[in-house]
Each structure stands twice: as C-alpha cells, then as structure tokens.
2 protein chains.
Amino acid sequence: MQNSEAMALSAALLAAAGELTQRINEGVVARGFEGMRPAHGFAFTRLAPDGATVTELAAHLGVTKQAASQLVDEVVRKGYAERRDHPGDARARLIVLTERGWACTRAAEEVAAEVVGEWVELLGEGEVRVLGRHLARIAPYGPIRPAW
Amino acid sequence: MQNSEAMALSAALLAAAGELTQRINEGVVARGFEGMRPAHGFAFTRLAPDGATVTELAAHLGVTKQAASQLVDEVVRKGYAERRDHPGDARARLIVLTERGWACTRAAEEVAAEVVGEWVELLGEGEVRVLGRHLARIAPYGPIRPAW
DNA sequence: ATCTATGGTCAAGCTGCTTGACCATCTGGT
DNA sequence: ACCAGATGGTCAAGCAGCTTGACCATAGAT
C-alpha cells in the first residue's frame with residue numbers, strides 16, 4: 001500500500017473522529033448538559049459501570065492523576081459525580097456517577113446513535129458493523145487520548 | 001442499532017484515531033524532527049501541495065487565525081516553512097514548506113504507512129481499503145480538529 | 001517495625017488557545 | 001474615482017487545562 005494511501009486513510013480517520021466527537025458534544029450540550037466537554041464524556045465511560053479511582057481515570061484518559069483529579073473536582077462541583085470512600089483501600093476514593101451523570105451518559109449514547117444512524121444511511125447497517133469490528137481490532141482498549 | 005453499540009463504535013473510532021496520531025508523531029520525532037507536534041503535521045498536509053494562507057490554514061485546523069499564525073511562527077522559526085508574498089493579494093502571505101518541511105512530511109507518510117501496514121496484517125489489505133473508503137465517505141474533507 | 005510503593009491532593013508554572021483591537025489591502029457600489 | 005465595508009494578518013492580553021514537583025496518608029512487603 002502506498003504511503004500516500006496510508007496518509008489519506010489516516011486523515012479520514014482523524015477527520016471522522018474529530019467530527020464525531022464534536023457532534024456528540026454539541027448534542028449533549030444541546031440536551032441541557034451545559035459546560036460539558038468531550039473529556040467529561042470519556043471520563044464518564046470509565047466511571048459508568050462501577051466507578052473508578054482517580055488513578056484509574058488518569059490512565060484511561062492518558063493524563064496525569066493531578067489533571068484527572070481536577071477534572072473530577074469539576075464534574076463533582078457540577079453535580080455529575082461524587083467521591084466516596086473506597087471499600088478496601090482507605091487511601092483511595094471511588095468516583096461514581098450521580099443520577100445526573102447517568103442521564104448525561106444516556107444522552108451521549110443517544111446522540112452517538114443519531115450520528116452513527118447517518119452512517120448507516122450512507123453505508124448500510126452491515127457495513128457500519130464491519131467498520132466497528134475492524135476499528136475495535138485496530139485499537140483494542142487503549143487509553144482514549146485527544147487526537148492531538 | 002442499539003445506543004450502546006453506537007457508543008462502542010464511537011469509542012473504538014476515537015481510540016484508533018488517538019493511537020494513530022500518537023504513533024505517527026512519535027515516529028516523526030524519532031526520525032529527527034524534534035519538537036514536532038501532531039498539529040504541525042496536520043498543518044503540513046494543508047501546506048503541502050501549493051502552500052496556503054494563514055486564514056486557510058486556520059479553517060483547516062479549526063482554530064482562530066491568530067492561533068494559526070502563531071503555529072506558522074513556530075514552524076518558520078524551526079525551518080519547516082517560510083512566508084512569501086502572495087501573488088495577486090498584497091494583504092496575504094503564502095506559507096510554503098521548505099525542503100525540511102517536505103522531508104518531515106515524507107517521514108510522516110512513512111510512519112503512517114508502517115502503522116497502516118500493521119492493520120493490513122490484522123485485517124488484510126482489502127479490508128483496510130474498504131475501511132478507508134468508508135471513513136472517507138463519513139467525513140468528506142472536513143477540518144481536522146483535535147478529538148477533544 | 002520499618003521501608004518502599006501507591007492513591008491522592010496542593011501549589012506553581014507553562015503552553016496553546018481565545019478574545020479584542022488594530023492596520024493594510026481588496027472589492028463593490030455609486 | 002472614491003468611499004464603505006469586507007477580508008488577511010498581526011499584536012497584546014487573558015485564560016483553561018495540563019504539567020512538574022512536593023507532600024501526606026495508607027498499603028503491602030521484608
């Protein structure tokens with residue numbers, strides 16, 4: 001495969017990721033979750049199942065734990081999450097979503113489904129599923145970082 | 001398609017984009033182009049064919065023209081590009097790559113080809129081509145923004 | 001019992017972006 | 001030809017989000 005072809009693929013991937021992120025964020029904000037940034041959403045995906053520690057969150061976001069801690073401060077202040085004592089480790093705090101945090105997460109999923117729905121119209125559902133499977137094989141559970 | 005499925009696809013897309021960007025940047029830096037950041041590479045892809053104005057660059061990167069101008073300052077100072085008079089518009093300057101700028105661009109293409117080569121090993125060349133075509137249809141020539 | 005590693009926070013600083021103001025030049029209407 | 005508004009570009013100031021460095025409390029190992 002030619003270098004220029006690889007570069008075109010890279011550019012398309014980046015453009016798609018950037019547009020998707022922007023649209024999800026705009027949709028979430030439009031649904032009444034003001035002051036939310038994409039990073040909050042990515043944090044929520046890590047907090048969603050059972051909560052997480054600041055250190056785990058930092059690893060997931062690819063930032064320092066200080067940065068993650070500041071981000072937690074912010075979402076706690078805005079009412080999307082709360083710090084609880086960690087069961088079994090008195091040093092750690094378990095960050096969990098509040099009901100409003102869950103509502104925000106559901107809103108993000110709805111918007112994502114809208115955007116992906118447009119892709120389905122363009123490419124067909126089967127092709128979009130294939131796209132998802134291939135992308136999942138390319139980037140299996142790495143940290144989610146800003147594209148640049 | 002379920003909301004959770006759309007969210008998983010979104011996460012995979014973002015993770016793939018983030019990893020690709022990081023690896024290309026690391027590869028470029030490792031080849032001797034120190035101090036380069038991903039944003040520089042994205043700027044170069046716009047400058048590459050025939051140069052561009054600061055305003056065009058700003059639109060391509062999705063930032064203000066002041067930010068684009070600062071970025072141009074930086075790459076000019078580092079020897080990757082130069083400001084020339086714009087033929088046909090005395091207000092504007094045409095930013096063009098220097099030879100070193102072209103070398104950096106070629107290096108980025110090489111690294112991108114390496115990474116995409118790994119995807120080809122995973123998925124096969126045909127599937128990767130399909131991936132590229134689909135992504136190109138999803139995000140046709142939008143600005144390349146940071147993922148968050 | 002101690003020593004080291006780990007989770008977390010506080011504080012300070014930096015980088016890259018934004019907003020706002022401004023000048024030079026282009027463009028279109030009169 | 002001229003003027004008014006639009007456009008390209010830069011300067012300056014401010015800020016948000018991240019980093020590094022220092023520090024404390026607790027865990028786990030020896």
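Residue numbers begin at 1 in each chain, while the letters A, B, ... track the order of the sequences.
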Measure CD1/B:Ile95 against P/D:dG9 and give the value in whole Å, please. 7 Å
What closest approach, in Å, do A:Val28 and A:Cys104 show between heavy atoms, and which atom pair accounts for it? CG1-SG, 3.8 Å
Would A:Glu56 and A:Arg93 satisfy salt bridge (Lys or Arg N to Asp or Glu O under 4.0 Å), going step by step from the backbone distance to the final call? CA-CA 11 Å; A:Glu56 288 165 350; A:Arg93 326 284 312 266; over 6 Å; no
Return the value, rounded to whole Å, for the distance between atom CZ of A:Phe42 and atom P of D:dC18. 12 Å
Among D:dG8, D:dT19, D:dT26, which nucleotide sits nearest the side chain of B:Lys65? D:dG8
Which whole-number value in Å describes the distance from A:Arg77 CZ to D:dA16 P? 11 Å
A:Leu71 CG to C:dT9 P: how many Å, rounded? 12 Å
Please tell me which of A:Asp73 and A:Ala92 maps to the more 5' nucleotide of DNA chain C, matching each residue to the nucleotide holding its nearest heavy atom. A:Ala92
Do A:Arg137 and A:His134 get their side chains close enough for a donor-acceptor pair, meaning under 3.5 Å? no
With a non-hydrogen cut-off below 4.0 angstrom, is B:Ser69 in contact with a base, only sugar-phosphate, or nothing? sugar-phosphate
Whether A:Arg83 contacts C:dT9 is assessed here as follows: a side-chain N or O lying under 4.0 Å from the phosphate OP1 or OP2. Is that the case? yes
Side chain of B:Asp89 only, heavy atoms from C-beta on: which candidate in D:dA27, D:dC11, D:dG8 is closest? D:dG8
Under 4.0 Å between a side-chain N/O of B:Thr55 and OP1 or OP2 of D:dG9, yes or no? yes
How long is the line joining NE2 of B:His40 and C1' of C:dC17, in whole Å? 13 Å
Does the salt bridge (Lys or Arg N to Asp or Glu O under 4.0 Å) test come out yes or no for A:Arg31 and A:Glu110, once each step is laid out? CA-CA 10 Å; A:Arg31 281 156 198 251; A:Glu110 283 174 24; 2.3 Å; yes
Of the listed nucleotides (C:dC26, D:dT19, C:dA5), which one gets closest to any side-chain atom of B:Arg91? C:dC26
In whole angstroms, how far is the C1' atom of D:dG8 from the CD atom of B:Gln66? 11 Å
A:Ala90 has a side chain; which of C:dC17, D:dA27, D:dG9 sits nearest to it? D:dA27
Can you see if the side chain of A:Thr53 gets near the phosphate of C:dG8 - specifically, an N or O under 4.0 Å from OP1 or OP2? yes
What is the distance from CZ of A:Arg93 to P of C:dC10, rounded to the nearest Å? 10 Å
Does a side-chain N or O of A:Thr64 approach OP1 or OP2 of D:dT20 to a distance below 4.0 Å, or not? no
So CG of B:Leu57 and NZ of B:Lys65: to nearest 0.5 Å the spacing works out to 13.5 Å
Contacts of A:His86 and A:Gln70 projected onto DNA chain C by closest heavy atom; the upstream (5') one is A:His86
In whole angstroms, the gap separating C1' of D:dG17 from CG of A:Leu61 amounts to 13 Å
